[in-house]
Amino acid sequence: MKNIAIFASGSGSNAENIISYFNRTKSANVRLILCNKPEAKVLSRAERLHVKSVAFTKAELDDTSRISDILKEERIDYIVLAGFLLLVPPALIEEYRGRIINIHPALLPKFGGKGMYGDRVHKAVIEAGETLSGITIHHVNELFDSGDTIFQATVPVTATDTPDSLAEKVHALEYRYFPEIIEQEIQKSEAAEK
Ligand code: GRF
């Protein structure tokens, strides 16, 4: 069975949803939560769900060696970014090429890139007068939000939407699809290994 590490910086509601999904399906195992913010809610969620967690600094991420050792010790096959705000360093991308997946709360290639996260994304979508938003699940490369798209799903943006109401609709899509798409990606690569 493949092991997943989730990198998160904030609340971690997606991380919790992914952990619960794989606890039910048993098709993969969320073995580790990695977090660059010692006060982030995702760490208390990990504790409650009995998933090992590790906090690290940006310098440790950029240097890569400690993180890379932990990933090896825990025999991690896949990395999932769920609300992770730092750029993944090239050495880690190289080690996990094609096996790092991110979710972005809008329809890339629009509304992505450095600084485009959380409410800023939803505010920008509304201000641009878009009638559709949604989620983009994609492979991670050396740049923010620019790896190959794996999956997109949309929601309408209405005239009365606020960043909060749009975030709620987008979160619903994230919970609905992200775990299944991760599972499909893992199954595809397992099939290719045979
Ligand atoms: C999600 O909207 C995700 O798309 C984005 O960051 C947010 C994380 O939310 N990358 P949560 O921490 O999972 O609640």
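In listed order, ligands and their atoms are each counted from 1.
A side-chain donor from one of Glu95 and Ser68 sits under 3.5 Å from a side-chain acceptor of the other.
The aromatic rings of Phe151 and Tyr177 sit tilted relative to each other, their planes meeting at an angle between 30° and 60°.
A 6.0 Å sphere centred on NZ of Lys169 holds more than 12 heavy atoms belonging to other residues, nucleotides or ligands. In the displayed structure, Glu47 atom CD is contacted under 6.0 Å by at most 12 heavy atoms of other residues, nucleotides or ligands.
In this structure, Glu180 does not pair ionically with Arg24, as no charged nitrogen and carboxylate oxygen lie closer than 4.0 Å.
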Check step by step if salt bridge (charged side-chain N to carboxylate O under 4.0 Å, His left out) holds for Glu185 and Arg99.
CA-CA 9 Å; Glu185 280 300 295; Arg99 292 181 292 139; over 6 Å; no

Quick one: table the atom pairs, ligand 1 N or O against protein N or O, below 3.5 Å, distance rounded to 0.1 Å.
{"residue": "ligand 1", "atom": "2 (O)", "partner": "Glu174", "partner atom": "OE1", "Å": "3.2"}
{"residue": "ligand 1", "atom": "2 (O)", "partner": "Glu174", "partner atom": "OE2", "Å": "2.9"}
{"residue": "ligand 1", "atom": "4 (O)", "partner": "Glu174", "partner atom": "OE2", "Å": "2.3"}
{"residue": "ligand 1", "atom": "10 (N)", "partner": "Ile103", "partner atom": "O", "Å": "3.0"}
{"residue": "ligand 1", "atom": "12 (O)", "partner": "Gly12", "partner atom": "N", "Å": "2.7"}
{"residue": "ligand 1", "atom": "13 (O)", "partner": "Ser13", "partner atom": "N", "Å": "3.3"}
{"residue": "ligand 1", "atom": "13 (O)", "partner": "Asn14", "partner atom": "N", "Å": "2.8"}
{"residue": "ligand 1", "atom": "13 (O)", "partner": "Asn14", "partner atom": "ND2", "Å": "2.9"}
{"residue": "ligand 1", "atom": "14 (O)", "partner": "Ser13", "partner atom": "N", "Å": "3.1"}
{"residue": "ligand 1", "atom": "14 (O)", "partner": "Ser13", "partner atom": "OG", "Å": "2.5"}

